[in-house]
Amino acid sequence: MKKLLCIGGSKGIGLELIKNLSETHLITVASRTAPTFSHPNIQHLPYDVLQPNFEALQALGTIDKFVYLPGSINLKPLSMLKLEQFKEEMELNFFGLVATVKAILNQMSEQSSMVFFSTVAVQTGMPFHSSISAAKGAIEGFTRALAAELAPKVRVNAIAPSIVDTPLASRLLNNEKKVEMIADKHPLKRIGNADELASAVSFLLDEKNSWITGQILGVDGGKSSLSV
Ligand SMILES: NC(=O)c1ccc[n+]([C@@H]2O[C@H](COP(=O)([O-])OP(=O)(O)OC[C@H]3O[C@@H](n4cnc5c(N)ncnc54)[C@H](OP(=O)(O)O)[C@@H]3O)[C@@H](O)[C@H]2O)c1
């Protein structure tokens with residue numbers, strides 16, 4: 001069985017991903033809290049990317065598939081954002097990712113695959129998104145550069161979602177009016193769900209799609225590319 005390391009996976013998109021892949025993969029979920037779903041093929045490693053324990057990741061041995069899920073949504077006008085908040089956003093979204101990838105690089109197997117997370121707000125400018133767009137923009141650049149550097153051994157892709165119904169987005173979706181308003185801004189007239197995003201991750205990780213690398217896949221109800 002292929003070995004999957006998921007940083008995150010206890011909730012949201014990552015939780016749906018491990019549910020979907022648990023029959024066919026040996027999965028390590030590295031996160032602060034344990035997933036609510038259990039399966040003999042899933043082990044939980046208590047882990048905080050802001051206080052990393054690289055030895056614990058290196059003890060996992062060979063890795064065939066890697067997904068990094070930690071992220072934030074911190075929407076404020078620039079005038080209300082402190083420089084410290086930009087740094088915090090970069091730490092969790094970007095530096096946490098870079099440090100993890102550096103730590104496990106030698107463990108990636110031949111024909112392995114990595115998937116990272118960006119946001120629709122990188123390629124489409126949106127008010128109040130400056131700190132998260134900057135951090136995720138760094139991830140998009142990193143994705144392409146790393147894909148070039150690690151080819152042909154490791155494929156590297158990222159997903160850029162619009163808003164998805166997960167614990168991370170719960171404050172933006174905490175009443176029906178907000179959900180309706182946000183859904184209406186998407187050409188497909190609804191918000192995304194975690195399973196749809198997990199499905200996109202599985203697609204990019206799958207060996208059947210092994211001619212795809214260096215891509216940023218928009219999974220966003222049409223928001224990034226359509227005007228209707
Ligand atoms: N949901 C959206 O609307 C949306 C939109 C655009 C982009 N995205 C991106 O999609 C990705 C997944 O989002 P999601 O909505 O599934 O988020 P989520 O519901 O908050 O889940 C995030 C996962 O990351 C883990 N995590 C967070 N901080 C961590 C830390 N310090 N150390 C280790 N693990 C940590 C969490 O586990 P623990 O809390 O147990 O540690 C959890 O399993 C994120 O990168 C996000 O920025 C989401």
Side-chain angles (χ1 to χ4, degrees), residues 4-20 27-37 42 44-54 56-57 66-75 88-101 103-104 114-124 126 128-129 131-140 142-143 157-174 178-179 182-183 185-186 190-202 204 216-221 223-224:
L4 165 66
L5 170 61
C6 253
I7 306 287
S10 57
K11 53 186 153 199
I13 295 165
L15 178 61
E16 294 310 309
L17 178 71
I18 64 161
K19 284 183 191 170
N20 294 348
I27 303 174
T28 300
V29 172
S31 55
R32 295 166 302 176
T33 59
T36 47
F37 173 77
I42 298 176
H44 177 240
L45 175 67
Y47 201 83
D48 184 346
V49 290
L50 300 177
Q51 292 175 343
N53 174 1
F54 297 132
L57 300 183
F66 170 70
V67 184
Y68 186 91
L69 290 136
S72 44
I73 300 182
N74 187 18
L75 308 184
E88 284 169 12
E89 211 115 55
M90 289 297 282
E91 286 294 341
L92 181 68
N93 286 276
F94 182 59
F95 292 124
L97 168 66
V98 175
T100 309
V101 169
I104 63 167
M114 298 184 173
V115 175
F116 309 152
F117 271 87
S118 179
T119 162
V120 66
V122 170
Q123 297 300 331
T124 302
M126 295 182 187
F128 314 137
H129 282 69
S131 61
I132 189 61
S133 298
K136 295 296 200 186
I139 291 177
E140 292 199 7
F142 184 59
T143 300
N157 294 288
I159 291 175
S162 185
I163 192 155
V164 184
D165 186 9
T166 68
L168 182 67
S170 58
R171 271 193 303 146
L172 301 175
L173 302 172
N174 58 8
K178 283 189 192 171
V179 174
I182 295 173
K185 290 184 177 158
H186 292 76
R190 62 177 180 83
I191 57 166
N193 64 60
D195 194 42
E196 289 169 315
L197 270 293
S199 173
V201 179
S202 298
L204 290 173
I216 314 295
L217 177 64
V219 183
D220 59 12
K223 194 160 173 54
S224 61

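The chain is numbered in sequence order, starting from 1. When a ligand or atom number is given, it counts from 1 through the structure's own listing order.
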In terms of heavy-atom contacts, Pro35 and Leu15 come closest through CB-CD1, 4.1 Å
Nearest atoms (heavy-atom pairs only) where Ser162 meets His186:
OG-NE2, 2.6 Å
If the cut-off is 4.0 Å to any non-hydrogen atom of Ile163, which atoms of ligand 1 fall inside it?
3 (O)
Closest non-hydrogen atoms of Tyr68 and Thr100, given as atom of the first, atom of the second and distance, are CE1-OG1, 4.0 Å
Do Ser133 side-chain atoms and Ala121 backbone N/O form a donor-acceptor pair below 3.5 Å?
yes
A student checking ligand 1 against Ser72 at a 4.0 Å heavy-atom cut-off should list atoms 47 (O)
Heavy-atom closest pair, residues Glu16 and Asp195:
CG-N, 3.8 Å
Top protein contact for atom 40 (O) of ligand 1, by heavy-atom distance
Thr33 OG1, 2.4 Å
With a 4.5 Å limit on heavy-atom distance, are the side chains of Lys223 and Thr124 in contact?
no
Tell me if the NZ atom of Lys178 is crowded by more than 12 foreign heavy atoms within 6.0 Å.
yes
Filtering Leu173, Leu92, Leu168 for the heavy atom nearest atom 20 (O) of ligand 1 leaves Leu168
For atom 9 (C) of ligand 1, which of the options Phe117, Tyr68, Phe116 provides the nearest non-hydrogen atom?
Phe117
Nearest-neighbour protein heavy atom for atom 32 (N) of ligand 1, which is reported as residue plus atom name and distance
Val49 N, 3.0 Å
From the candidates Ala30, Ala135, Ser162, the one that places a heavy atom nearest atom 4 (C) of ligand 1
Ser162
Nearest non-hydrogen contact with atom 29 (C) of ligand 1 belongs to which option: Arg32, Lys11, His44, Glu89?
Arg32
Hey, mind stepping through Ile27 and Leu4 against side chain to side chain contact (heavy atoms under 4.5 Å, CB included) and telling me if it holds?
CA-CA 5 Å; Ile27 303 174; Leu4 165 66; 4.0 Å; yes
Exam field: side chain His44 to backbone Thr33, donor-acceptor pair closer than 3.5 Å:
yes
Is it true that Ala121 lies under 4.0 Å from ligand 1, counting heavy atoms only?
no
With only distance considered, is Ile13 within less than 3.5 Å of ligand 1 through an N or O on each side?
yes
Residue-ligand contact Cys6/ligand 1, heavy atom below 4.0 Å:
no
Considering only the protein, which heavy-atom contact is closest to atom 8 (N) of ligand 1, and what is its distance?
Pro161 CG, 3.9 Å
Ala160 and Ile216 have their tightest heavy-atom pair at CB-CG2, 3.9 Å
Considering only heavy atoms of Gly8, which atoms of ligand 1 have at least one such atom less than 4.0 Å away?
23 (C), 24 (O), 25 (C), 43 (O)
Under a 4.0 angstrom heavy-atom cut-off, which atoms of ligand 1 come close to Tyr47?
32 (N), 33 (C)
Checking a contact table here: which protein heavy atom is nearest atom 36 (C) of ligand 1, and how many Å away?
Ser10 OG, 3.7 Å
Answer yes or no: is there a side-chain heavy-atom contact under 4.5 Å between Phe117 and Ile139?
no
For atom 31 (N) of ligand 1, which protein heavy atom lies nearest, and how many Å away is it?
Asp48 OD1, 2.8 Å
Any idea which atoms of ligand 1 are less than 4.0 Å away from a heavy-atom of Gly12?
16 (O), 19 (O)
If you have a sec, work out which protein heavy atom is nearest atom 11 (C) of ligand 1 and how many Å separate them, to one decimal?
Leu69 O, 3.3 Å
Of the listed options (Pro35, Pro52, Pro70, Ala198), which comes nearest to atom 35 (C) of ligand 1 when hydrogens are ignored and any heavy atom counts?
Pro70
Below 3.5 Å, N or O to N or O, backbone or side chain included: is there any such pair between Val164 and ligand 1?
yes
Close side-chain approach of Met126 to Val120, heavy-atom, < 4.5 Å
yes
Distance-minimising heavy-atom pair for Leu97 and Phe66
CD1-CE2, 4.2 Å
Do Ser224 and Gln123 have side-chain N/O donor and acceptor atoms under 3.5 Å apart?
no
Run the numbers for me: atoms of ligand 1, each under 4.0 Å from some heavy atom of Pro167, listed by number.
19 (O)
Ser118 heavy atom under 4.0 Å from ligand 1
yes
The protein heavy atom nearest to atom 47 (O) of ligand 1 is Lys136 NZ, 3.0 Å
On a heavy-atom basis, I'd like to know which of Val120, Asp220, Thr166 is closest to atom 14 (P) of ligand 1.
Thr166
Backbone or side chain, does any N or O of Gly9 fall under 3.5 Å from an N or O of ligand 1?
yes
Which one of Leu50, Asp48, Leu92, Asn93 satisfies the side chain to side chain contact (heavy atoms under 4.5 Å, CB included) criterion with Pro70?
Leu92
